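To find a chain, count down the sequence lines: A is the first, B the second, and so on, and within it residues start at 1. Predicted model only: the values in this text are computed from it and were never measured. Because only heavy atoms are used, hydrogens play no part in the values below, and waters and symmetry mates are left out as well, while side chains stay in.
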Number of protein chains: 2
Amino acid sequence: MSETTVTARRSQTRERLMDAAVALFAAKGVLGASVEEICERAEFTRGAFYSNFADKDDLCLAVLNRHALRELEATEKAVASIGEDVLCARTIDEVIELALSVFLATQPRSSEDLVAGMELRLYAVRAPALRQPLLALNERMGEQIGDLLGGVVDRVGLRLQLPMEEALDLLHAVYLHSGINALLQGLEPDDESRRRQLTELLKSLVTDREEPR
Amino acid sequence: MSETTVTARRSQTRERLMDAAVALFAAKGVLGASVEEICERAEFTRGAFYSNFADKDDLCLAVLNRHALRELEATEKAVASIGEDVLCARTIDEVIELALSVFLATQPRSSEDLVAGMELRLYAVRAPALRQPLLALNERMGEQIGDLLGGVVDRVGLRLQLPMEEALDLLHAVYLHSGINALLQGLEPDDESRRRQLTELLKSLVTDREEPR
DNA sequence: GACTTTCAATACAGTTCTGTATTGAATACA
DNA sequence: TGTATTCAATACAGAACTGTATTGAAAGTC
């Protein structure tokens with residue numbers, strides 16, 4: 001069958017173009033990265049690009065979709081890997097630790113991904129072709145992660161002071177913001193200190209059900 | 001004297017160019033807004049632009065500086081206008097209300113300013129000419145507002161669970177993030193609901209000194 | 001091993017933008 | 001009113017990018 005094999009070459013090309021795009025989006029912004037440059041970096045010519053994508057927006061969409069898929073996978077893996085630990089966890093601190101691990105698994109680890117993500121997010125605000133899809137992905141991810149974390153939190157008898165959705169948004173906001181702040185200061189975002197920051201925040205947002213004030 | 005009058009025409013030109021730039025930065029991004037377009041919108045030609053600014057980065061710098069000045073003014077005004085109220089405020093809720101008013105006075109009110117601000121912030125991450133200045137402005141503003149709010153909070157016997165600097169950063173992150181989220185959903189950011197969100201957050205972060213748990 | 005199909009490379013036409021050098025008009029000043 | 005100066009408009013040269021149409025090579029099929 002021609003389809004699968006052909007598609008193999010094709011999807012390799014697409015992958016390499018997307019990789020190049022993410023790197024350049026981070027380095028120069030979505031608008032600052034020309035189609036030409038993206039192709040150059042991926043070691044193709046523009047012929048390959050226009051054979052695979054309608055235009056830059058189309059490429060952005062593909063990047064977003066790929067990102068969502070990866071994030072979802074990472075989340076599931078993280079949840080699976082702490083599945084048993086949760087049942088043993090008893091102290092608030094332990095649970096917060098675990099919940100954070102799951103959350104952090106969903107966040108961009110490299111500063112490149114962080115910046116590229118912000119770029120795309122901001123770009124999507126005014127790109128009609130991207131707004132709806134990004135929104136849909138966000139929502140799906142939010143629910144997914146919310147459910148997972150909600151289960152964890154419930155099982156060990158914690159109560160949030162905020163709805164799960166808002167709490168996640170909060171974490172998300174703080175995490176991204178502090179990452180950008182670090183980059184502005186010329187530092188690589190420091191995982192340790194950001195984790196500590198989020199831990200403190202979570203402690204403030206959580207109430208132990210067995211010890212009400 | 002030639003200087004003052006000449007400067008009057010000049011600074012009007014600069015103002016109009018900056019206004020046009022902010023509008024276009026919000027609508028198309030810093031990189032998406034060409035010098036040509038900015039001039040067109042301001043009803044000048046590029047001659048005016050290059051007579052006033054070295055290049056787009058230089059214009060961005062001017063915009064940032066102007067913004068910082070305005071923010072500072074707004075803060076001072078807000079603090080002045082609640083100066084006496086603070087002395088009467090007794091309940092936690094009242095104090096939070098006041099503190100929030102001061103904080104919100106420093107934040108972009110229009111969604112245009114919001115987006116343009118985010119654009120510039122992200123742009124500065126990789127524009128060497130802008131990074132340091134933006135950082136310096138941020139720091140100055142942070143201290144300024146931190147001191148003001150710190151005074152208010154202290155005077156009425158509240159204690160933060162976080163250092164003031166981090167608390168402000170948190171508010172800032174959440175406020176911007178929720179604004180962008182709203183825009184992604186095609187809604188104008190809703191002042192009411194964002195204020196409520198921040199109120200809840202603040203309540204979680206604050207401990208009443210007279211009623212320790 | 002010929003034949004077809006798929007896909008990326010090349011060539012091309014057109015647009016847009018930048019920055020500079022020069023000109024001309026308005027304003028300041030005497 | 002005449003003169004000098006300031007500032008924006010105009011004209012220009014060059015560069016970069018986009019998207020399409022065509023070509024050529026490699027992979028897949030029989």
Separation of [N] [atom2] from [X] [atom1] (nearest whole Å):
{"X": "B:Gln12", "N": "D:dT6", "atom1": "CD", "atom2": "P", "answer": "19 Å"}
{"X": "A:Leu31", "N": "D:dT18", "atom1": "CG", "atom2": "P", "answer": "10 Å"}
{"X": "B:Ile38", "N": "C:dG19", "atom1": "CD1", "atom2": "P", "answer": "11 Å"}
{"X": "A:Leu59", "N": "D:dT18", "atom1": "CG", "atom2": "C1'", "answer": "15 Å"}
{"X": "A:Glu40", "N": "D:dC17", "atom1": "CD", "atom2": "C1'", "answer": "12 Å"}

**OP:** Not counting sequence neighbours, list each pair that qualifies as a salt bridge (Lys or Arg N to Asp or Glu O under 4.0 Å) and has a residue in residues 58-67 of chain B.
**Re:**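 Residue pairs passing salt bridge (Lys or Arg N to Asp or Glu O under 4.0 Å), neighbours aside: B:Glu15-B:Arg66, B:Asp19-B:Arg66.
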
Original post:
For the rings on A:His172 and B:His177, is their centre-to-centre separation under 6.0 Å?
Top reply: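 Aromatic pair counts; centres sit under 6.0 Å.
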
**OP:** Would you check if A:Arg10 and A:Ser51 make a side-chain contact, meaning some heavy-atom pair closer than 4.5 Å?
**Re:**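 Yes, their side chains come closer than 4.5 Å.
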
Original post:
Say you draw a straight line from CD of B:Gln161 to OG of B:Ser204; how long is it, rounded to the nearest 0.5 Å?
Top reply: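 Separation between the atoms: 8.5 Å.
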
Subject >> A:Leu202, A:Leu198, A:Leu205 screened by side chain to side chain contact (heavy atoms under 4.5 Å, CB included) with A:Leu170, the one that passes >> reply: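 Output: one option passes, namely A:Leu205.
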
**OP:** Encode nucleotides 8-18 of chain C as B, S and - characters from 5' to 3', where the letter depends on protein heavy atoms closer than 4.0 Å: B to the base, S only to sugar-phosphate, - to neither.
**Re:** SBB------SB

Subject >> Lys/Arg N to Asp/Glu carboxylate O, A:Asp191 vs A:Arg195, below 4.0 Å >> reply: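 Looking at A:Arg195 together with A:Asp191, the answer is no, because their closest N to O distance does not fall below 4.0 Å.
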
